[in-house]
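Structure first, commentary second.
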Amino acid sequence: MPELPEVEVVRRGLARWVRGRTITGVDVPDPRSIRRHALGTEDFIGNLEHATVMDVVRRGKFLWMPLNMSSPAGTGIGSDPATAFVPGGNVPKVALMAHLGMSGQLLMQDPDVPDEKHLKVRIRLSAVNGMPEQLRFVDQRIFGGLFVTSMIPTVDGGPGGLGETPLPEIAEEASHIARDPLDPFFSFDAFYRKVKGRKTGLKRALLDQSVISGIGNIYADEALWRSRLHYARATDTLRRADAERLVEAVKDVMNAALAAGGTSFDSLYVNVNGDSGYFARSLNAYGRAGELCGRCEAIGLHSVMKREQFMNRSSYTCPVCQPRPRNGRW
DNA sequence: TGCCGAACCTGAAAGC
DNA sequence: TGCTTTCAGGTTCGGC
């Protein structure tokens with residue numbers, strides 16, 4: 001399942017292939033994957049054709065490609081995105097937005113590669129020697145999707161997200177979410193204020209993208225395990241030191257996952273070249289129900305990881321080093 | 001206003 | 001063997 005590290009792996013791969021290239025054609029074999037584009041398939045295609053991809057930017061699990069709409073068809077080849085943004089000039093007004101959902105994949109393919117079983121959108125790119133000519137959106141469960149959205153100024157004046165040429169603009173549909181822990185402009189104080197202001201459980205807050213973005217079920221469990229906190233801990237009882245430990249754990253686990261190319265349990269997550277990541281082998285909590293807690297075992301304790309139902313999902317904890325708080329409070 | 005749960009969706013695995 | 005049920009989970013939206 002793509003969470004922040006997996007989306008960042010995809011972003012880096014995509015940036016290498018699509019920056020500066022012009023979209024020459026678009027097919028939408030399954031319009032369900034563009035259902036968030038309210039104006040329909042024709043409008044979606046009309047917005048993309050002849051536009052030049054300026055960059056690939058990410059905030060949390062949202063990924064977008066700012067588009068230069070002013071380029072005549074075919075002139076995007078070899079243009080330099082770093083110099084394409086002229087203040088007050090051809091600043092991108094729209095972006096192609098992507099969310100991978102549960103099973104979305106953005107793949108670079110040559111035209112002669114047969115269509116994937118769950119191919120939803122095909123974007124043809126201007127020809128460049130040695131580069132694949134199609135960007136394909138493949139999605140088995142259709143929780144993800146593509147749509148065109150406006151670019152708007154960021155509230156804090158900082159870059160909208162992580163990209164190769166950061167701009168003080170953000171895709172409108174991503175403007176409601178908080179900065180993610182790997183964002184250089186991430187503010188611990190802002191995160192702590194939001195968490196303390198909530199009256200809910202800690203894991204629910206971690207999964208709330210308006211509090212902190214990029215965290216899904218897997219890395220929430222891993223970060224809570226690393227920081228020895230229980231998912232049901234009431235957020236308004238969280239001490240500053242606990243929150244600092246938690247944020248550091250989130251950063252550590254995400255950086256480790258990024259270094260391993262992401263977490264893959266099956267073929268549902270792959271990078272733009274179709275390769276899987278290896279971080280699943282390093283998980284300490286997620287999916288380890290019935291196994292011994294590695295941290296407790298290291299000090300001679302025999303505690304068995306347990307799985308509980310939470311928010312229609314599974315949560316994995318160690319009952320010894322992550323004790324459940326009484327009534328959510330310590 | 002803010003929290004919470006349902007719904008969306010498909011394929012693999014388990015159960016019968 | 002084949003059918004049915006369960007499970008996986010990110011985001012949005014409606015109900016409370």
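Computed over heavy atoms, backbone and side chain alike; hydrogens, waters and symmetry mates excluded. Order of the sequence lines fixes the chain letters, A, B, ..., with proteins taken first and strands second; residue numbering starts at 1 for each chain.
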Output the single nucleotide from [options] whose closest atom is nearest the side chain of [X].
X         : options                   : answer
Gln209(A) : dC3(B), dG11(B), dT11(C)  : dT11(C)
Arg198(A) : dG11(B), dT11(C), dC3(B)  : dC3(B)
Ile142(A) : dC7(C), dT10(B), dT11(C)  : dT10(B)
Thr200(A) : dC9(B), dC3(B), dA8(C)    : dC3(B)
Arg32(A)  : dT11(C), dT10(B), dC7(C)  : dT10(B)
His118(A) : dG11(B), dG10(C), dA8(C)  : dG11(B)
Gln140(A) : dT12(C), dT10(B), dG10(C) : dT10(B)
His176(A) : dA6(B), dC9(B), dT12(C)   : dT12(C)
Arg36(A)  : dG5(B), dT10(B), dT12(C)  : dT12(C)

[X] side-chain N/O to [N] phosphate OP1/OP2 under 4.0 Å:
X         : N       : result
Ser314(A) : dA8(C)  : yes
Lys61(A)  : dT11(C) : yes
Arg307(A) : dA8(C)  : yes

Worksheet, complete the sentence: Nearest heavy-atom contact between Lys196(A) and Thr235(A) is CD-O, 3.9 Å
Roughly how many Å is it from [atom1] in [X] to [atom2] in [N], rounded to a whole number?
X         : N       : atom1 : atom2 : answer
Arg141(A) : dT12(C) : CZ    : C1'   : 19 Å
Gln309(A) : dA6(B)  : CD    : C1'   : 15 Å
Glu308(A) : dC7(C)  : CD    : P     : 15 Å
Glu116(A) : dG11(B) : CD    : C1'   : 17 Å
Arg35(A)  : dC8(B)  : CZ    : P     : 11 Å
Phe310(A) : dC3(B)  : CZ    : P     : 13 Å
Asn312(A) : dA8(C)  : CG    : P     : 10 Å
Ile218(A) : dG10(C) : CD1   : C1'   : 12 Å

Fill in: Matching residue for Leu106(A) among Asp139(A), Val7(A), Val138(A), Leu63(A) - test: side-chain contact (heavy atoms from CB on, under 4.5 Å)
Leu63(A)
Worksheet entry | Aromatic Trp64(A) / basic Arg58(A) pairing, under 6.0 angstrom, 45° off normal | no
Worksheet entry | Neighbour count above 12 (heavy atom, 6.0 Å) for Gln309(A) CD |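 Result for CD/Gln309(A): enclosed.
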Worksheet item: Under 6.0 Å between the ring centres of Phe147(A) and Phe44(A)?
Response: no
